[in-house]
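Just so we're on the same page: letters track the sequence lines, and every chain starts at 1.
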Protein chains: 2
Amino acid sequence: MTAVETACAPSGSPISGEDAARLAPVFKALGDPVRLRMASMIASRPELCVCEITPAFDLSSGTISHHLKILREAGLVDCERRGTFVYYSIRPAGLRSLSALLDLD
Amino acid sequence: MTAVETACAPSGSPISGEDAARLAPVFKALGDPVRLRMASMIASRPELCVCEITPAFDLSSGTISHHLKILREAGLVDCERRGTFVYYSIRPAGLRSLSALLDLD
DNA sequence: TCCTTGTCTCGATATCTGTCGAATCAGTCT
DNA sequence: AGACTGATTCGACAGATATCGAGACAAGGA
């Protein structure tokens, strides 16, 4: 029995409008199939070069950058440039905020 | 240390395009502040009448219905009509699919 | 049967989003 | 410095989305 199910008994209190406004963009960032798969790819390794992400999708490099930016702004990933290449990695804190909510509501 | 963090070492394999296509709409459903708060309100009780949800938002009843429909179609909530009123409740399975992903990637 | 109340559906509309391609920026190599 | 490659930004546009308000539907009460 997961915490989610435990919570489906009378359970905890609903989140505030402010918390909703803060957390919704994070869910939204994962609410696109391309970004969800990107995030999953990045999370499956210590870090991942954009040049490894791009060929996994049938999309222009402009579009790839756009999606990565949304993941970044949602606090889900970090990036670091080393030379010509840019490497993305997962930000555990971003995922934790979602996980915490799902395990409590 | 959460499973998420554990996973941020070399960790599990990325999800498939099909899984991404299946799960993204669920994240997307929670990716709107209004719906996230609605879902949270519904989850915080065994069930909740639409007539209790509506006044919590400064939105028309048409818009409220629209958002509830999206939560329903994402498999996150169930509804049942009793007399004039419609009661919404959380579907644990919907939340579990998200939770499982977050704890593994 | 009609009226009222709660909920949903539909049509219209303004805004947001995903995508491309071109231009730009950042680094490396010659 | 100039050329090349990887990545981001920008401008444009088609399609999706959130919202409203009006109408339809459902159930109960006068």
For the [atom1] atom of [X] and the [atom2] atom of [Y], what is their distance to the nearest 0.5 Å?
X        : Y       : atom1 : atom2 : value
B/Arg72  : B/Tyr88 : CZ    : OH    : 3.5 Å
B/Leu68  : B/Arg35 : CG    : CZ    : 10.0 Å
B/Leu95  : B/Leu30 : CG    : CG    : 7.0 Å
A/Leu71  : A/Asp78 : CG    : CG    : 11.5 Å
A/Ser89  : A/Leu76 : OG    : CG    : 11.5 Å
A/Leu101 : A/Arg96 : CG    : CZ    : 15.0 Å

Any residue of [range] with a heavy atom less than 4.0 Å from an atom of DNA chain D:
range                     : result
residues 69-80 of chain B : B/Ile70
residues 14-25 of chain A : none
residues 28-42 of chain B : B/Lys28, B/Asp32, B/Arg35
residues 54-64 of chain A : A/Ser61, A/Gly62

>> For chain A and DNA chain C, what are the first and last nucleotides along the strand, 5' to 3', with at least one atom under 4.0 angstrom from a heavy atom of the protein chain?
In response: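 The contact span of chain A on DNA chain C goes from C/dT17 to C/dT28.
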Can you list, pair by pair, the side-chain donor-acceptor contacts under 3.5 Å of residues 57-65 of chain B, counting residues two or more places apart and other chains?
{"unit_1": "B/Ser60", "atom_1": "OG", "unit_2": "B/Thr63", "atom_2": "N", "d": "3.2"}
{"unit_1": "B/Ser60", "atom_1": "OG", "unit_2": "B/Thr63", "atom_2": "OG1", "d": "3.0"}

>> List the residues meeting side chain to side chain donor-acceptor pair (under 3.5 Å) with B/Glu73, not counting sequence neighbours, and say none if there are none.
In response: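 With sequence neighbours excluded, B/Glu73 shows a side chain to side chain donor-acceptor pair (under 3.5 Å) to no residue whatsoever.
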>> Restricting to side chain to side chain donor-acceptor pair (under 3.5 Å), what partner residues turn up for B/Arg37, sequence neighbours left out?
In response: none
Give every donor-acceptor pair under 3.5 Å between a side-chain atom in residues 16-24 of chain B and any protein atom, sequence neighbours left out.
{"unit_1": "B/Ser16", "atom_1": "OG", "unit_2": "B/Glu18", "atom_2": "N", "d": "3.4"}
{"unit_1": "B/Ser16", "atom_1": "OG", "unit_2": "B/Glu18", "atom_2": "OE1", "d": "3.4"}
{"unit_1": "B/Ser16", "atom_1": "OG", "unit_2": "B/Asp19", "atom_2": "N", "d": "3.0"}
{"unit_1": "B/Asp19", "atom_1": "OD1", "unit_2": "B/Arg22", "atom_2": "NH2", "d": "2.9"}

> A/Arg81 side chain to A/Gly83 main-chain N or O, any donor-acceptor pair under 3.5 Å?
Replying inline: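 Between the backbone of A/Gly83 and the side chain of A/Arg81 there is a qualifying donor-acceptor contact (under 3.5 Å).
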>> Treating A/Thr54 as the side-chain partner and A/Cys51 as the backbone partner, does any N or O pair qualify as donor plus acceptor under 3.5 Å?
In response: no
> Which sits closer to the 5' end of DNA chain C, A/His67 or A/Thr84, going by the nucleotide each is nearest to?
Replying inline: A/His67
>> With heavy atoms of chain A within less than 4.0 Å as the criterion, where does contact along DNA chain D begin and end?
In response: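 Answer, 5' to 3': D/dT5 to D/dT9.
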> According to a 4.5 Å side-chain heavy-atom criterion applied to Ile, Leu, Val, Met, Phe, Trp and Tyr, with indirect links allowed, do A/Ile15 and B/Ile70 form part of one hydrophobic cluster?
Replying inline: no
> Remaining members of B/Tyr87's ILVMFWY cluster at a side-chain heavy-atom cut-off under 4.5 Å?
Replying inline: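 Members other than B/Tyr87 - counting any ILVMFWY side chain reachable under 4.5 Å - are B/Phe85.
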>> What contact category does A/Tyr87 fall into here, base, sugar-phosphate, or nothing, at under 4.0 angstrom with non-hydrogen atoms?
In response: nothing
> What are the two closest non-hydrogen atoms of A/Ala29 and A/Ala74, and how far apart are they?
Replying inline: CB-CB, 3.6 Å
> What is the bend of the helix from C/dT1-D/dA30 to C/dT30-D/dA1 when you compare the axis at one end with the axis at the other, using five pairs each and rounding to 10°?
Replying inline: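 The angle separating the two end axes equals 10°.
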